[in-house]
Amino acid sequence: MAAEAWWLRGVRVSAEWGWLWDSAPALSVNGPGDVRLGTAVRAASLGDLSFGLGWGVKLPDATNENELGTDETDVLFGAWAGWARGPWAASAAAGLGVYGNPLRFANQDDVPLLRADLAWSPGPLAGRLFVNADLATARNPARVEVGGAIRYGEAWFAELEGAGGLTPAAADGRVTLRLGGRFALPTPGVGE
């Protein structure tokens, strides 16, 4: 389940929660996923280009006993640039992921992040191609995936996303079904 909202012309607030299913040859588990919250702020616009900053947090609600979650809080910070003209849009982002280490209490791994996508949305049917890269650190190998998504709906939507890993440490593949809403929050009144 995903919810996204724009508030005060340039601030996006997002919240996401999901049900996870993980299947391996020896074991298949499912259960509630982690809660993810985030905010992105558009800091400047130059014609068709926009620039901004954002952050996100993963709250560890998924069970780690069945390996659906890590039982650690992860925080992401970054900057982004986007271009939009007509039904086409593209964006790129760079940031830092402060990931908790589930194997060592009160320990973290700071991971450089790169994201890029190309989207086409002429109406209620939209498509998107993307690449996500968590770069290698002293503690972890690189994780790079490429994928695409098809979304139907505007205010309320259904989205099917698929991705495949390009590096040995990335997941071989994944499929995500999102049902959610995208809406504007009420504008505060004078004096609020």
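Computed from a prediction, not measured in an experiment: that's the story for all the values here.
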With a 4.5 Å cut-off on side-chain heavy atoms, are [Y] and [X] touching?
{"X": "Ser50", "Y": "Trp80", "answer": "yes"}
{"X": "Pro32", "Y": "Trp17", "answer": "yes"}
{"X": "Arg151", "Y": "Arg182", "answer": "yes"}
{"X": "Leu46", "Y": "Phe51", "answer": "yes"}
{"X": "Asp110", "Y": "Thr137", "answer": "no"}
{"X": "Arg139", "Y": "Tyr99", "answer": "no"}
{"X": "Val144", "Y": "Asn132", "answer": "no"}
{"X": "Asp74", "Y": "Val57", "answer": "no"}

For the residue pair [X] and [Y], what are the closest heavy atoms and their distance?
{"X": "Ser91", "Y": "Asp117", "result": "OG-OD1, 2.6 Å"}
{"X": "Leu179", "Y": "Ala158", "result": "CD2-CB, 3.8 Å"}
{"X": "Ala94", "Y": "Leu114", "result": "CB-CD2, 3.9 Å"}
{"X": "Trp55", "Y": "Leu37", "result": "CZ3-O, 4.0 Å"}
{"X": "Phe77", "Y": "Val98", "result": "CE1-CG2, 4.3 Å"}

Practice prompt. Answer yes if the side chains of Arg178 and Thr176 hold a donor-acceptor pair under 3.5 Å, and no otherwise.
Written response: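 Distance-only check fails for Arg178 and Thr176.
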Worksheet item: About how many Å separate CG of Asp48 and CZ of Arg85, when rounded to the nearest 0.5 Å?
Response: 4.0 Å
Worksheet item: Can you get from Trp19 to Leu59 by hopping between Ile, Leu, Val, Met, Phe, Trp and Tyr side chains that sit under 4.5 Å apart?
Response: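 Yes, one cluster joins them.
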Worksheet item: Who passes side chain to side chain contact (heavy atoms under 4.5 Å, CB included) against Leu53, sequence neighbours left out?
Response: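 Only Ala79 meet the side chain to side chain contact (heavy atoms under 4.5 Å, CB included) criterion with Leu53.
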Worksheet entry | Greater than 12 external heavy atoms within 6.0 Å of Leu166's CG | yes
Item to complete: Check the surroundings of atom OH in Tyr152: do more than 12 heavy atoms from other residues, nucleotides or ligands lie under 6.0 Å from it?
Response: no
Run the side-chain donor-acceptor check on residues 120-131: report pairs under 3.5 Å with partners two or more places apart or on a different chain.
from	atom 1	to	atom 2	distance (Å)
Arg128	NH2	Glu161	OE1	2.7

Worksheet item: Can you name the salt bridge (Lys or Arg N to Asp or Glu O under 4.0 Å) partners of Asp134, sequence neighbours left out?
Response: Arg115
Discussion item. Is there a side chain to side chain contact (heavy atoms under 4.5 Å, CB included) between Leu113 and Leu135? Walk through the geometry before answering.
Written reply: CA-CA 6 Å; Leu113 308 172; Leu135 303 180; over 6 Å; no
